Chemist: 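Sharing a structure with you now.
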Amino acid sequence: MSDPVAALKQAVADAALQLRGGTQTESQPPARLDRARRAGQGHYATNAAMLLAPALGLAPREIAQALGTQLTQALRGSLLRFEVAGPGFLNLELSDDWYHSALRALLEAGAGFGTGGAAHPERILLEFVSANPTAVLVAASGRHAAYGDALARILRFHGHSVSTEYYFNDAGSQIQRLGESVRARALGQEPPADGYQGAYVAELATEIAGADDPSVPVDAIAGRAVAILLQRIKATLARYGVHFDTFFSERTLHEGAPSPLERALSRLREAGHVYEHEGAVWLRTTTFGDDKDRVLLRSGGEPTYFAADVAYMENKRERGFERQLLPVGADHHGYVARLKAAFQALGNDPDLLEPLILQFVHLVEGDARTAMSKRRGEFVTLDELLDEIGVDATRYFMLQSSHERTLDLNLDLARSDSSENPVYYIQYAHARLSSMLARVGDERVSLAVAADAVWSSPAGELHSSEQELIRKLLSLPEEVAETAQRRAPHRMAAYALELAQDFTAFYRDCKVVGAEPSETESFRIALCAATRTQLAVVLELLGVSAPSSM
RNA sequence: GCCCCCGUAGCUCAGUUGGAUAGAGCGGCGGACUUCUAAUCCGUAGGUCGCAGGUUCGAAUCCUGCCGGGGGCGCCA
């Protein structure tokens, strides 16, 4: 019994199949097995009877009754009682024996519980942040960094092979502008109107030797500036706990003969999707659902940013990644259609390119709601945010709400009430567990979690808080699966909080150290050990530290 | 004008492959520290799930329209 809930779900499915006369109908949606919403509705509930009703032509409640009887036999001692409720729900109440063996399964699996659930493991390339090295990372990048990093951790935990990558522009007009801006500052002038205005540009001007020397080409200045800024970005990411497997330079797409960009272009030409018009080279993206065709090479022969992106996609594919995940800011959503079109034009299944749109982070200070502009130099840096509220609080804050939602970052609130961030509640639960288990001592813990340990409950019955905590622990595999499938790490943040809450309720209701008889103490120690392990696992998935004391 | 995302408690947000009486944190009010960590807990107040239709045994969830907020519609990146 490696996953007790999955086994239970299977038992329900088997019973349903038997009622149907053993014939599986293809279009039947799988029955759900949910944790009960509230007291008095059993421990788990299934809607299987309601789904069976049309096929059997019987009343749902009648079917639920039969299903319950069937399950009572199949599950024997595990099912304490069942109840037909509402329009035809079947509520199941499980025995303490079932909970005991469920906890054994949790302890056996240890930190590996819930891992490897992916039905079809894939080689995935996850590219994120990819902010141009024309400035340091801003607070909004913190959202992308936390999101991508947590998603990578979760997808790996789920069983996929994931490489993370940061793509940076070290060629093109933005870089040119950066160089010009630094040069201007070095000469004591204002940067160009479309250049970079931030104070860091002036700093760069003093750091880069020869910035004010007209004999040093602007390109060289730009190159130095990019190198310095990239270094700072890496330092910030390291501090934030975000690791990238590779940093990918755009420049390399333009190098070599033929260059990756030229190769991608040839491939598109051969496939017949390229044409010339008014001196420019176009990709017929409308063939694949885009609004209009897109330019690959400008009339001057210069490749567009889009052309580089196409070459980059092709490069990822050549490196053997079957799926490409691409979290981008909401301002890029208009770009999605042409990327997917190009991906298809290259001969790929468009479903294997997944652009993920992350909504913006708005800074709120006082009553003002400001958008951040890199070019104007109006932004809060990620480093500043980390200085203010720390890594854990920042990561949790960035992860707690759905990436599809605009995030309001209230700086006043973040500063003054940082201790009210739910992350501390979760960490506190972990610290409390650590402290308790330390007090209990390794030897006693080992005895309690041993495979032959004898467990019991005081009045012969588990407390509902104990049962709820175990059910929450057991639901990790489903949570991981849903989080991974929906590319929605905020689900894991919510789960962490719920787990901490369920533990805290257990802690409130059930004495652990010194509980009588010692078989009860053993059971509760074992439950605490399993909970601490899982809290640590979940915090790790979020990239948040799990302190042993606070 | 067309396209994408969002709208749930005073605030910040969960809950959306349709399920039972819509949840949490913060804030408000009233309580609990001689206790396994009070960064905690208990009680209480607080809701037309933006609005209006539709689909069905059942809708915050799916469909249509409208309102409000954000974003996008370059041979910029």
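Predicted model, so just to flag it, every value in this text is computed and none were measured. All heavy atoms count here, side chains included; hydrogens, waters and symmetry mates do not. Numbers restart at 1 for each chain; the letters A, B, ... are given by sequence-line order, proteins then strands.
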Chemist: State which of B:U8, B:A20, B:A39 makes the closest approach to the side chain of A:Ala85.
Modeler: B:A20
Chemist: How close or far is atom C1' of B:C73 from atom CZ of A:Phe306, stated in whole angstroms?
Modeler: 15 Å
Chemist: Using a heavy-atom cut-off of under 4.0 Å over every strand shown, decide if A:Pro422 touches base, sugar-phosphate, or nothing.
Modeler: nothing
Chemist: Rounding to a whole Å, what distance do you find between A:Met436:CE and B:A38:C1'?
Modeler: 15 Å
Chemist: NA contact type, A:Ala431, heavy-atom cut-off 4.0 Å: base, sugar-phosphate, or nothing?
Modeler: base
Chemist: For the residue pair A:Gln174 / A:Asn169, report whether a side-chain donor-acceptor contact shorter than 3.5 Å exists.
Modeler: no
Chemist: NA contact type, A:Ser434, heavy-atom cut-off 4.0 Å: base, sugar-phosphate, or nothing?
Modeler: nothing
Chemist: Under 4.0 Å, counting only non-hydrogen atoms across every strand here, what does A:Arg294 touch: a base, just sugar-phosphate, or nothing?
Modeler: nothing
Chemist: Checking only heavy atoms, does the side chain of A:His333 share a donor-acceptor pair with the base of B:G71 at less than 3.5 Å?
Modeler: yes
Chemist: Just call it for A:Ala330: base, sugar-phosphate, or nothing, with non-hydrogen atoms closer than 4.0 Å on any strand.
Modeler: sugar-phosphate
Chemist: Have a look at A:Ser435 and say if it touches a base, only the backbone sugar-phosphate, or nothing, with a 4.0 Å heavy-atom cut-off.
Modeler: base
Chemist: What is the nucleic acid contact for A:Gln427, judged by heavy atoms within less than 4.0 Å: base, sugar-phosphate only, or nothing?
Modeler: nothing
Chemist: For A:Ser549, which contact category applies under a 4.0 Å heavy-atom criterion: base, sugar-phosphate, or nothing?
Modeler: base
Chemist: Given that A:Phe89 and A:Lys511 both sit by RNA chain B, which one's nearest nucleotide is further toward the 5' end?
Modeler: A:Phe89
